[in-house]
Amino acid sequence: MAVQADHVFVLPGDQIPTSLIPTHPKRALKLGPGLRHVPPSDLIPTVGGQLIADRKKNSIWVEYNGGRYIPAVGDLVICTVQRSAPDYYYVTITDYSPNAILPQLAFEMATKKTRPQLTHGALVYARVCLANRHMDPELECVSPTTGKADGLGPLVGGMLYDISLGMARRLLMRKSVEEGKVAVLEELGSAGLAFETAVGRNGKLWVNSDSVKTVLIVGRAVKETDDDKLSVEQQKKLVRRLIKEMS
């Protein structure tokens with residue numbers, strides 16, 4: 001384990017000091033990707049990367065740019081419908097993993113008469129509600145507590161981009177600019193572009209807008225930020241250049 005400028009980096013098998021593990025009087029500790037619990041109380045990294053702890057959510061994980069996404073409960077993902085069965089949609093989360101299942105009634109206000117009619121190739125923004133190595137992942141598009149969609153559901157129109165797992169997690173951080181060092185979407189919005197996005201923890205970015213040119217610029221800006229590992233200042237320069245090219 002190494003510490004560099006307030007960042008903690010771990011290797012597989014490292015011992016994580018208890019001082020780095022968040023605690024909460026009411027919430028159970030949530031383990032994210034890259035960590036394994038060894039009873040009674042040890043946490044062991046399974047991959048190399050940066051150790052991240054969210055003390056408000058009482059969660060901890062290892063940030064890494066591995067090429068293979070492994071579903072975890074609570075992850076937001078963008079999936080593609082493959083086929084329909086009487087009670088389920090079979091969807092793909094990644095190209096290399098088995099199908100996940102999405103119950104047809106797992107949508108806001110869905111009944112057998114009002115459930116969405118999704119065809120092959122349709123995109124859906126969903127949350128992983130069941131994930132273990134012995135069963136196919138199960139997804140949902142409603143909050144288990146409120147029954148509301150909270151932004152989940154079918155994604156209509158737009159364009160889908162592949163991004164790294166690290167970029168996906170950075171975009172999904174509560175403070176993506178301060179914590180994730182990703183300012184490109186905020187800068188594009190400040191420049192006057194109108195668009196909407198959905199980010200999947202499985203390395204997917206969906207962009208939609210009334211303007212096709214805006215969709216292409218947003219996707220290009222995020223891809224370049226990801227591929228070239230741009231700093232916040234470099235992202236601002238990139239946005240200014242793209243807006244200039246657009247006008």
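Start at 1 with the first residue, then count along the sequence. As the structure is a computational prediction, the values presented were derived from the model and not from experiment.
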Do the side-chain N and O atoms of S143 and T145 include a donor-acceptor pair separated by under 3.5 angstrom?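 Short answer, yes.
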Check whether any side-chain N or O of Q235 sits under 3.5 Å from a backbone N or O of L230 as a donor-acceptor pair, and report yes or no.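 Indeed, once roles are kept as given, a pair shorter than 3.5 Å links the two residues.
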Residues 22-30 side chain polar contacts: donor-acceptor under 3.5 Å, at least two apart:
from	atom 1	to	atom 2	distance (Å)
H24	ND1	K26	N	3.0
H24	ND1	R27	N	3.0
R27	NH1	K56	O	2.7

With the threshold set at 4.0 Å, does a side-chain nitrogen-carboxylate oxygen contact exist between E245 and R220?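 Judged by the 4.0 Å cut-off on N to carboxylate O distance, E245 and R220 do form a salt bridge.
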Examine distances only and state if a side-chain atom of Q104 and a backbone atom of A85 form a donor-acceptor pair shorter than 3.5 Å.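 Answer holds: yes.
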Listing, residues 42-49 side-chain donor-acceptor contacts under 3.5 Å, not counting sequence neighbours, or none:
from	atom 1	to	atom 2	distance (Å)
T46	OG1	G34	O	3.3

Would you check, one step at a time, whether the test side-chain hydrogen bond (donor to acceptor under 3.5 Å, both in side chains) holds for D75 with Y69? CA-CA 11 Å; D75 280 356; Y69 169 71; 2.8 Å; yes
Less than 4.5 Å apart, side chain to side chain, heavy atoms only: is that true for R241 and E224?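 In short, these two side chains touch, coming nearer than 4.5 Å.
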Just checking N132: does its CG atom have more than 12 heavy atoms from other residues, nucleotides or ligands closer to it than 6.0 angstrom?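 Counting other residues, nucleotides and ligands, CG of N132 exceeds 12 neighbours.
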Using the rule that Ile, Leu, Val, Met, Phe, Trp and Tyr join whenever any side-chain heavy atoms are under 4.5 Å apart, tell me whether V124 and L160 fall into a single cluster.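 Shared cluster, no.
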If you draw a 6.0 Å radius around CZ in F107, do more than 12 non-hydrogen atoms from other residues or ligands fall strictly inside?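 Yes.
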Heavy-atom distance under 4.5 Å between the side chains of V215 and Y161, does that happen here?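 Result yes, sub-4.5 Å side-chain heavy-atom pair found.
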Is there a side-chain contact between D54 and W61 in this structure, where contact means two heavy atoms from C-beta onward sitting under 4.5 Å apart?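 Of all side-chain heavy-atom pairs linking W61 with D54, at least one is under 4.5 Å.
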Answer yes or no: is there a side-chain heavy-atom contact under 4.5 Å between L139 and V77?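 The answer is yes; the side chains approach within 4.5 Å.
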Carefully, step by step, assess S84 and Q117 under the rule side-chain hydrogen bond (donor to acceptor under 3.5 Å, both in side chains). CA-CA 9 Å; S84 174; Q117 302 299 315; over 6 Å; no
Is the CE atom of M109 crowded by more than 12 outside heavy atoms at less than 6.0 Å?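 Check fails, neighbour count at 12 or below.
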As an exercise, state the distance from CD1 of I101 to SG of C79, rounded to the nearest 0.5 Å.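 Separation between the atoms: 12.0 Å.
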Between R170 and K181, is any pair of side-chain heavy atoms under 4.5 Å apart?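 In contact.
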Decide yes or no for V177 and E186: does some side-chain heavy atom of the first lie under 4.5 Å from some side-chain heavy atom of the second?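 SC-SC contact between V177 and E186 confirmed.
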T225 side chain near V222 side chain, heavy-atom distance below 4.5 Å: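 No, every pair of side-chain atoms sits at 4.5 Å or beyond.
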When you measure from the side chain of H120 to the backbone N and O of Q82, does any donor-acceptor pair fall under 3.5 Å?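 Answer holds: yes.
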Quick check on the hydrophobic clustering: are I217 and V212 connected, directly or via other members, by side-chain heavy-atom contacts under 4.5 Å?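 Yes; V212 is reachable from I217 via cluster members.
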Hey, does the side chain of T146 reach the backbone of K148 with a donor-acceptor pair shorter than 3.5 angstrom?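 Yes, T146 side chain to K148 backbone: donor-acceptor pair under 3.5 Å.
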Atom pairs and distances, side-chain donor-acceptor, residues 192-205, under 3.5 Å, sequence neighbours left out:
from	atom 1	to	atom 2	distance (Å)
E196	OE2	N208	ND2	3.2
R201	NH1	L165	O	3.2
N202	OD1	I78	N	3.3
N202	ND2	I78	O	2.9
N202	ND2	I93	O	2.8
K204	NZ	D162	OD1	2.6

Any side-chain heavy-atom pair from Y96 and R68 closer than 4.5 angstrom?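 Yes, side chains in contact.
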Say whether, by atom type as modelled, one donor and one acceptor occur between the side chain of W206 and the main chain of G157 under 3.5 angstrom.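 Checked: pair present.
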